[in-house]
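The structure appears right after this line, and notes come after that.
In this text, all values refer to a predicted model and were calculated from it rather than measured experimentally.
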Amino acid sequence: MSTPRVIDCLVNVHFGETEKQPTWMVKVRDDYFKGPDSMFAPVDLSALIDEMDEHGVQKAVLMDNLAKPSVTARKFVEAKPDRFALAIGGVNLLRPMPALRELNAVVNDLPVAYAVVGPSFWGDGMYPPSDAVYYPLYTKCADIGLPLCVNTGLPGPPIPGEVQNPIHLDRVCVRFPELKLCMIHGADPWWDVAIRLLIKYSNLRLMTSAWSPKRLPDSLLHYMRTRGPDKVIYASDWPVLKMRRVIPEAQALDLPADVLEKYLYTNAHTFFFEGDEEH
C-alpha cells in the first residue's frame, strides 16, 4: 500500500502537560476508547514527526486553548510552522469581547487553521449552537475568514449531548452563510441529519475526528462516493487514535482513489489552508 498525502486536522499534544487528567477524560480513555495509559504521556516532537512522515501526514492541526494555552502545541508550531497549525478553543462565550480580541491576536501571530467549540463541554451543555450566545464568535470568524469547528454527535463523557445534534446548525448556516463551518467528531447517532445538512449548505463540512474509519457508517461512505466527495475531512484525534492505525484503515475504505485523496488531503487543504501560500 503506497503512502498517501494526508492532513491530520485534529491532534492533541497537550495531554501530557497535566499531571492528573479530569475524571471524565480518564473514563473516556478507559471505557470508550480502551486506550493505554500512554495516551496522556508528554509528546516528543521528533517521535510525532516520525509517525507523520511514516504515514504521509504533511501537516497536523494541534489543539490549543485561549484560557489555558498549550505550551507544547505552541512550541511545536514555532519549531515547525510548515508542519503544524493550531486549533483554538476556550473562547468565553458569556464574556466574548476580550476573548475574541485575544483570538484575533493569536490568528495574527501564529498559524491557526480554525477555532473550535464543543457545545456539550461548556455552560453545562445548556446552549445549542443556534443560541445567540454563539453569535459574536460566528461574526468574528466570518469577518476574518477563520473556519469554525463545532462538536456534533453524542459526546463520550457522561454529559448532556442533545446540544450537539447537528440540526442546531441549520439556523446557523441560514443566518451565517459567510461562515466556514465544520462539524467535528462525526455526528453519531444523527449521521443522516448531518448528511442532509451537508447537501443543503455549501459552507458546511464534516470531520471524522475520533472515529476509526472502519466504523464510519455506510450512509456517509455512500455520500462521499456520490454527492459529497468534497465535504468530508479526515482527522485522527491522535493519540486517542494513532495515525498508524487510522490512516491504513482509511486507505482500506471502499472509496475511489480520487475521493480518498480528497478525504485525506484535498478537502482539508481547501477548507482550512487555501491561500496560506500567498501570505
Side-chain angles (χ1 to χ4, degrees), residues 6-45 47-52 54-57 59-65 68 70 72-73 76 83-90 113-114 116-122 149-159 161 164 182-189 191 206-217 220 232-253 263-264 268 272:
V6 181
I7 296 175
D8 194 329
C9 290
L10 205 163
V11 169
N12 301 284
V13 298
H14 62 282
F15 290 159
E17 296 174 357
T18 304
E19 289 187 15
K20 185 177 181 181
Q21 295 293 328
T23 302
W24 67 265
M25 280 288 290
V26 176
K27 183 175 178 61
V28 168
R29 180 196 66 190
D30 296 343
D31 298 345
Y32 210 70
F33 288 101
K34 312 296 183 184
D37 291 343
S38 61
M39 184 183 295
F40 299 141
V43 179
D44 178 74
L45 174 60
L48 178 56
I49 291 288
D50 287 346
E51 185 171 350
M52 291 169 61
E54 182 180 354
H55 296 285
V57 178
K59 189 182 288 284
V61 180
L62 310 180
M63 294 300 296
D64 196 8
N65 191 291
K68 187 179 180 182
S70 168
T72 307
F76 285 10
R83 303 299 300 273
F84 298 112
L86 296 175
I88 303 292
Y114 59 83
V116 60
V117 64
S120 286
F121 291 85
W122 79 278
C149 290
V150 179
N151 288 33
T152 48
L154 284 177
I159 56 179
Q164 295 192 174
C182 183
M183 300 174 278
I184 62 173
H185 295 340
D188 191 68
W191 293 104
L206 182 143
M207 186 190 299
T208 61
S209 48
W211 274 83
S212 168
K214 69 180 181 181
R215 306 293 186 196
L216 294 174
L220 184 69
V232 183
I233 294 171
Y234 159 82
S236 65
D237 203 19
W238 188 99
V240 177
L241 294 173
K242 294 286 192 176
M243 298 172 192
R244 67 175 66 98
R245 171 187 169 183
V246 289
I247 293 175
E249 284 187 11
Q251 290 180 278
L253 291 173
Y263 172 52
L264 290 176
F272 294 124

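The two residues Val6 and His55 come nearest to each other via the heavy atoms CG2-O, 3.8 Å. Contact record, Met52 with Phe84: SD-CE2, 3.6 Å, taken as the closest heavy-atom pair. Residues Trp191 and Gly186 come closest through the heavy atom pair CH2-CA, 3.5 Å. Closest approach of Gly161 and Pro155 over heavy atoms only: CA-CD, 3.6 Å. When every heavy atom of Val57 is checked against every heavy atom of Arg83, the shortest pair comes out as O-NH2, 2.8 Å. Heavy atoms only, all atoms of each residue included: Tyr234 and Asp8 are closest at OH-OD2, 3.5 Å.
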Going through the checks in order, is the side chain to side chain contact (heavy atoms under 4.5 Å, CB included) test met by Trp238 and Val246?
CA-CA 10 Å; Trp238 188 99; Val246 289; over 6 Å; no
Hey, mind stepping through Ser209 and His185 against side chain to side chain donor-acceptor pair (under 3.5 Å) and telling me if it holds?
CA-CA 5 Å; Ser209 48; His185 295 340; 2.8 Å; yes
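Asp237 contributes no side-chain N or O that, together with a main-chain N or O of Val240, makes up a donor-acceptor pair within less than 3.5 Å. Not one N or O on the side chain of Glu249 forms a donor-acceptor pair closer than 3.5 Å with the backbone of Ser212. A donor-acceptor pair under 3.5 Å is formed between the side chain of Tyr114 and the backbone N or O of Cys9. At distances below 3.5 Å, not a single donor-acceptor pair connects side-chain atoms of Arg245 with backbone N or O atoms of Ser236. Proximity of a side-chain donor or acceptor of Asn151 to a complementary backbone N or O of Ile184 within less than 3.5 Å is not detected. The main-chain N or O of Gly118 is never found under 3.5 Å from a side-chain atom of Gln164 such that the two would form a donor-acceptor pair.
With sequence neighbours excluded, the residues that form a side chain to side chain contact (heavy atoms under 4.5 Å, CB included) with Ala113 are Val61, Ala85, Phe272, Phe273. Under the side chain to side chain contact (heavy atoms under 4.5 Å, CB included) criterion, Glu54 pairs with no residue at all, not counting sequence neighbours. With sequence neighbours excluded, the residues satisfying side chain to side chain contact (heavy atoms under 4.5 Å, CB included) with Pro189 are Leu154. Scored by the salt bridge (Lys or Arg N to Asp or Glu O under 4.0 Å) test, Asp64 finds Arg74 as partners (sequence neighbours excluded). For Asp50, there are no side chain to side chain contact (heavy atoms under 4.5 Å, CB included) partners, not counting sequence neighbours. Judged as a side-chain hydrogen bond (donor to acceptor under 3.5 Å, both in side chains), and not counting sequence neighbours, Thr152 has no contacts.
Considering only heavy atoms from C-beta on, Asn65 stays 4.5 Å or farther from Ser70 through its side chain. Side chains of Val11 and Phe76 form no contact here, defined as non-hydrogen atoms less than 4.5 Å apart.
Going from atom CD of Glu17 over to atom NZ of Lys68 covers 7.5 Å, rounded to the nearest 0.5 Å. One distance of note links CG of Leu10 with CG of Leu241; it measures 10.5 Å at 0.5 Å rounding. The distance from atom NZ of Lys214 to atom CG of Leu253, rounded to the nearest 0.5 Å, is 11.5 Å.
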